[in-house]
There are 2 protein chains.
Amino acid sequence: MASNAVMEETLQVLKDHKLRVTPQRHIILAYLVSHHNHPTVETIRDGLGKELPNIGSSTIYNTLNTFVDHHLVVELQNGDGSTHYDYFGSPHYHAICTNCGRIVDVTYPGFDETERNLEKKTAELSGYMISGNHMEVYGLCPECQIKLGIKSND
Amino acid sequence: MASNAVMEETLQVLKDHKLRVTPQRHIILAYLVSHHNHPTVETIRDGLGKELPNIGSSTIYNTLNTFVDHHLVVELQNGDGSTHYDYFGSPHYHAICTNCGRIVDVTYPGFDETERNLEKKTAELSGYMISGNHMEVYGLCPECQIKLGIKSND
DNA sequence: TAGTAAGTGAGAACCATTCCAATGTAACAA
DNA sequence: TTGTTACATTGGAATGGTTCTCACTTACTA
Ligand SMILES: [Mn+2]
Ligand SMILES: [Mn+2]
Ligand SMILES: [Zn+2]
Ligand SMILES: [Zn+2]
């Protein structure tokens, strides 16, 4: 459950984006800010069990789509058939396991420059007016390497 | 419709990957090699009208999934609800229009190094055994910039 | 506090993709 | 060539994540 500080922070975020502050939006955003699990709609619904036991899936979808429109949240596909959501407070990209679907955050000093450079180059070459980017790297997570006998567990 | 050269090339690609050479696979692969439209399954089915009028969608899905497994083809989402497919003969990434969904190929000298660096950094930081990556840049395509009155058409 | 535009929720609808079982065929060996 | 067999194709049914609908509720503004 989200701390007081998170509740205040998320309240301010909603106001800054001129979004109507409903309990549903507030609690979902707080959930996303305090969990970095890249949850699906089902995961979120379960996680909200105590605070919003009667929330409809439509509301979760609506809310997340709104957040995506406002660039608060990004959507991720890991190949399991459902969309994963990620509060994008600080820039990072994702490593996704092709075996189990595990998604982990990655960043490194200089990543923002790589990112800016990619966007600048793309604008020049394509004529697009750039608004964002997604970078994803695929591979086997450490656990799956062991599970599949590719790496020894020592 | 695909040239002789393309048909020979794709035949060899299928053999190299030890894939059974069926007319469906051969023609679908030739279609992908000779079109860079990032088609959906529906687009492909329409494009195959004359050559394979009775192909089942299941076959197209099966074939594309096989190609994806063999890293011949990559999947792309542009937000229109269906998956787009791209023969990935030479490395590039994509600029995707957030307004109309248009997908264009982008690359530049030094892109492969950016890519390798990203994968190396990711392996170090995450412990993943890297097998690939996707980079996408989002924005408004030149046409939509005009359509939306953001850029003048001069 | 009243008016109103916007959000919520239950269930139906949608539709891209997968599954299934019957039929067809590519690859290989004799 | 022919026979064998494992794999591919097909159409139709099933699946399931997401969107739609609409009656009801609520957050904002004046
Ligand atoms: Mn993340
Ligand atoms: Mn492409
Ligand atoms: Zn894994
Ligand atoms: Zn466009």
Is B:Arg20 near enough to D:dA6 that one of its side-chain N or O atoms lies under 4.0 angstrom from OP1 or OP2?
-> no

Base, sugar-phosphate, or nothing for A:Thr83, non-hydrogen atoms under 4.0 angstrom?
-> sugar-phosphate

Please round to the nearest 0.5 Å and tell me the distance separating atom CZ of A:Arg45 and atom OG1 of A:Thr59.
-> 9.0 Å

Report the distance from atom CD1 of B:Ile60 to atom P of D:dA8, rounded to the nearest whole Å.
-> 17 Å

Residues in contact with DNA chain D, drawn from residues 70-81 of chain B - heavy-atom cutoff 4.0 Å | none

Measure from CG on B:Asn62 to P on D:dT10 and round the result to the nearest Å.
-> 10 Å

With rounding to the nearest 0.5 Å, note down the distance linking NE2 in B:His92 to CD in B:Glu115.
-> 10.5 Å

A:Tyr87 side chain near A:His38 side chain, heavy-atom distance below 4.5 Å = no

Between A:Glu136 and B:Asn133, does a side-chain hydrogen bond (donor to acceptor under 3.5 Å, both in side chains) hold up when you go through it step by step?
-> CA-CA 5 Å; A:Glu136 293 173 353; B:Asn133 71 78; over 6 Å; no

CG/B:Leu29 to CD/B:Gln24 distance, rounded to the nearest 0.5 angstrom?
-> 13.0 Å

Would one find a side-chain N or O of B:Thr22 under 4.0 angstrom from OP1 or OP2 of D:dA8?
-> no

B:Leu52 CG - D:dT9 P separation (whole Å) | 10 Å

Decide whether B:Gln12 and B:Asp16 meet the rule of one side-chain donor and one side-chain acceptor closer than 3.5 Å.
-> yes

Rounded off to whole Å, could you give me the CG-to-C1' distance for the B:Leu14 and D:dC7 pair?
-> 15 Å

Assess whether one donor atom and one acceptor atom, taken from the side chain of A:Ser82 and the base of D:dG17, lie less than 3.5 Å apart.
-> no

Heavy-atom nearest nucleotide on DNA chain C taken for B:Val21 and for B:His84; more 5' hit belongs to B:His84

Is the shortest side-chain N/O distance from B:Ser57 to OP1 or OP2 of D:dG11 below 4.0 Å?
-> no

Given that B:Asn54 and B:Arg25 both sit by DNA chain D, which one's nearest nucleotide is further toward the 5' end?
-> B:Arg25

Given DNA chain C, 5'-ward residue of the pair A:Pro23 and A:Ser58, judged by closest heavy atom | A:Pro23

Sub-3.5 Å donor-acceptor pair from the side chain of A:Gln77 to the main-chain atoms of B:Gln77, do we have one?
-> no

Check for a donor-acceptor pair, side chain of A:Asn78 on one end and backbone N or O of A:Gly101 on the other, with a separation under 3.5 Å.
-> yes

Distance in angstrom units between B:Ile27 CD1 and D:dA8 P, rounded = 17 Å

Of the listed D:dA27, D:dT10, D:dT19, the closest approach to the A:Tyr61 side chain comes from D:dT19

Of B:Asn62, B:Thr66, B:Leu11, B:Val13, which is the lone residue that meets side-chain contact (heavy atoms from CB on, under 4.5 Å) with B:Arg25?
-> B:Thr66

Whole angstrom value for the distance that separates C1' of D:dT9 from NE2 of B:His26 | 18 Å

When rounded to the nearest 0.5 Å, the distance separating CE of A:Met135 from OH of B:Tyr93 is 9.5 Å

Would you grab the first and last nucleotide of DNA chain C (5' to 3') that comes under 4.0 Å of any non-hydrogen atom in chain A?
-> C:dA5 to C:dG11

Looking across every strand, which nucleic acid part, if any, lies under 4.0 Å from A:Glu42 by heavy atom: base, sugar-phosphate, or nothing?
-> nothing

